[in-house]
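Presented below is the structure to which this report refers.
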Amino acid sequence: MRGRFIAIEGLDGSGGTTQIALLAEALRQPGAPGGPWTVHTTAEPSTGPIGRMIREALGGRLDLGDGVLPYLFAADRQDHLEREVEPALAAGHAVLTDRYYASSLAYQSLAAPLGFVAGLNARFRAPDLTVFLDLPVEACVERILKRGAPRDRFETEGTLREISAAYGAALALLADRGDRIAHVDASGTPAQVHARVMEQVAACLS
Ligand code: TYD
């Protein structure tokens, strides 16, 4: 049995965490496309040692410059794949990750050239599908403010605008390279967005 690897991407506030939960629930149902699936949900930065270090750095509790982050994210990705993703795929599970290498290409290309970040990530397994949750920056900011949680270094409107443009370049590069990428309109209710996500995922899984 072949596992499937799906990455959810988008700006902070675009709804990735909510959509992963809804997708996981849907894929566990008997009528799920190609399923029912045993679903493994995960996220990057991972819960491993390097992922923890990254979260400390993003929260400002650890003094690490932007130049260090591309290496840390790549190291965390290798660890995440070895420790969590590859074993679950080998067991035939559907692995859903909240962010993967497209996030590095988008976010880290603010401080380093895109080609350099893409090079650091070139050897990692491509997802079977990357779902990009497409939401205007203003709507992301509104959702981030409503959430009320402390913001990390990327969650200001100006930075989100830059990241939005960087995502465009990053996803174009990955699509050119042969990655399967679905752009999904992330406006509306969680259920409306979920229906759009399911349409794309069904095409990939069945
Ligand atoms: P995330 O877990 O989505 O944020 P939250 O704190 O809301 O749960 O991701 C944390 C931040 O890490 C997010 O702003 C995006 C950033 N990030 C990168 O810069 N590069 C990467 O490769 C990844 C995976 C995340």
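The model shown is predicted, which means the values in this text are computed figures rather than measured ones. Each ligand, and each atom within it, is numbered from 1 in the order the structure gives.
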Do R77 and Y100 form a cation-pi contact, if we require the NZ or CZ to be under 6.0 Å from the six-membered ring centre and within 45 degrees of the ring's axis? yes
Any N/O of Y107 closer than 3.5 Å to an N/O of ligand 1? no
Should the pair R52-E56 be classified as a salt bridge under the 4.0 Å nitrogen-to-oxygen rule? no
With respect to atom 8 (O) of ligand 1, which of R99, R77, E9, R55 exhibits the smallest heavy-atom separation? R55
Carboxylate-amine/guanidinium proximity below 4.0 Å for D12 and R147: no
Can you tell which part of L58 has a heavy atom less than 4.0 Å from ligand 1: side chain, backbone, both or neither? side chain
May I ask you to test the V95-I6 pair for a side-chain heavy-atom distance under 4.5 Å? no
Please identify which atoms of ligand 1 are closer than 4.0 Å to at least one heavy atom of D12. 13 (C), 14 (O)
What atoms of ligand 1 come closer than 4.0 angstrom to any heavy atom of E44? 24 (C)
Is the closest basic N to carboxylate O distance between R161 and E138 below 4.0 Å? yes
Is it the case that ligand 1 has an N or O less than 3.5 angstrom from some N or O of Y100? no
